[in-house]
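Below you'll find the structure, written out as structure tokens, and then a few comments.
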There are 2 protein chains.
Amino acid sequence: MSTAAETTLSIGQVSALTGLTTHTLRFYEQEGLFVAPVRRNAAGRRVFTTEEVEWLKVCTKLRSSGMPLPEIRRYAGLVLAGPGNEVERFDILRRHEANVQQQVDDLQEALTVIHRKVELYARRLDEGTADQLWTNGPECDPLPDAAE
Amino acid sequence: MSTAAETTLSIGQVSALTGLTTHTLRFYEQEGLFVAPVRRNAAGRRVFTTEEVEWLKVCTKLRSSGMPLPEIRRYAGLVLAGPGNEVERFDILRRHEANVQQQVDDLQEALTVIHRKVELYARRLDEGTADQLWTNGPECDPLPDAAE
DNA sequence: GCTTGACTTCGAGTCGACTCGAACTCATAG
DNA sequence: CTATGAGTTCGAGTCGACTCGAAGTCAAGC
């Protein structure tokens with residue numbers, strides 16, 4: 001049922017749409033990252049749908065935010081298993097959300113340190129006193145004991 | 001001559017202070033990440049100062065924010081070479097700052113996608129309609145064509 | 001009929017940043 | 001005087017996520 005106009009896509013087209021190489025797409029299939037078995041045509045070639053492309057876009061976000069392949073596999077496996085395990089899926093997502101938030105916080109902290117040094121250099125270069133940097137310690141710019 | 005009370009630290013103490021293993025500290029020396037040659041005592045053992053510990057703390061921030069070792073080596077080399085190259089150092093820092101900001105932005109975007117899914121699951125689980133998720137597409141929660 | 005190019009499978013190689021283990025030396029405490 | 005434990009050097013191994021290459025298949029265009 002549903003719309004009969006199910007556009008089918010070759011691996012090359014999916015590659016173009018997602019930015020993942022064909023090598024990577026095959027690798028992902030092999031790693032069990034798809035939420036449904038990848039179909040083949042008469043000639044044994046992979047046939048994808050736009051839904052699979054959407055899922056791959058989500059995957060890409062999960063990956064780029066540091067979710068390991070085994071965890072994505074687990075999530076995909078739950079979806080594949082069908083309704084009834086939504087709480088588990090929810091849990092994976094919430095955990096990952098917290099994880100990403102932590103990453104952002106850590107990066108922000110590093111950014112603060114880096115930004116302070118950038119500012120210091122900018123000021124000293126402007127004043128013409130930059131050559132006095134690092135005369136005694138890390139660029140004369142001790143970390144104010146960041147709360148860690 | 002500065003303060004004569006220059007505390008000297010063993011590699012084990014530095015490890016405890018920085019959280020880097022002794023293996024890693026030796027590795028870092030070998031990779032040329034120090035801003036001054038690491039000194040040795042009569043017995044040939046490494047002797048560190050608190051300044052080196054401060055630098056290592058900066059290093060740790062650079063690393064955790066994704067600066068590759070070769071780039072840190074380059075920066076350390078400039079400091080080691082002494083005054084006169086502050087503009088180059090400044091450049092490295094500014095570039096890295098921009099890079100980290102980009103990472104934060106990318107993570108925030110992924111976070112948005114993930115958060116939307118978390119919210120969706122929370123709502124559906126609450127409503128008791130979670131079993132209708134993923135009936136047609138990636139969890140019935142199409143990405144609203146995020147500006148990429 | 002032949003070439004082209006996208007596809008197939010498989011296994012091996014790469015990369016960065018550690019991480020580990022083995023075999024050794026050395027200074028101090030009991 | 002020996003045992004302990006921290007240090008030394010060196011080279012090899014690990015890990016995750018690709019990435020690549022080889023050898024072969026297949027459908028369409030000339």
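Convention: sequence-line order gives letters A, B, ...; per-chain numbering from 1.
Taking a cutoff of 4.0 Å between a charged side-chain nitrogen and a carboxylate oxygen, D91(B) and R94(B) qualify as a salt bridge. Using a cut-off of 4.0 Å between Lys/Arg side-chain N and Asp/Glu carboxylate O, K61(A) and E109(B) are scored as salt-bridged. Using a 4.0 Å cut-off between charged nitrogen and carboxylate oxygen, E86(A) and R124(B) do not count as a salt-bridge pair. Salt bridge R63(A)/E31(A): absent, no basic N to carboxylate O contact under 4.0 Å.
For the residue pair Y121(B) and R89(A), a side-chain donor N or O sits within less than 3.5 Å of a side-chain acceptor on the partner. Judged by distance alone, the side chains of H96(A) and E71(A) never bring a donor and an acceptor atom under 3.5 Å apart.
Residues F90(B) and A122(A) come closest through the heavy atom pair CE1-N, 3.8 Å. Here the closest non-hydrogen pair linking L80(A) and V35(A) is CD1-O, 3.3 Å.
Separating the CD atom of E71(A) from the P atom of dG16(D) is a distance of 13 Å, rounded to the nearest angstrom. When rounded to the nearest whole Å, the span between CZ of F27(B) and P of dG21(C) equals 18 Å. Nucleotide dC18(C) holds its C1' atom 12 Å from the CG atom of L25(B), rounded to whole Å. Summarising the geometry, the separation between CD on E31(B) and C1' on dC18(C) is reported as 10 Å, rounded to the nearest angstrom.
Heavy-atom nearest nucleotides on DNA chain C were determined for A42(B) and for P70(B), and the one closer to the 5' end corresponds to P70(B).
For the helix from dG1(C)-dC30(D) to dG30(C)-dC1(D), the axis fitted to the five pairs at one end and the axis fitted to the five pairs at the other end meet at an angle of 20° (nearest 10 degrees).
For dC18(C), one of the phosphate oxygens OP1 or OP2 lies less than 4.0 angstrom from a side-chain nitrogen or oxygen of Y28(B).
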Scoring nucleotides 4-12 of chain C by protein non-hydrogen atoms under 4.0 Å (B base, S sugar-phosphate only, - none) yields --BSBB---
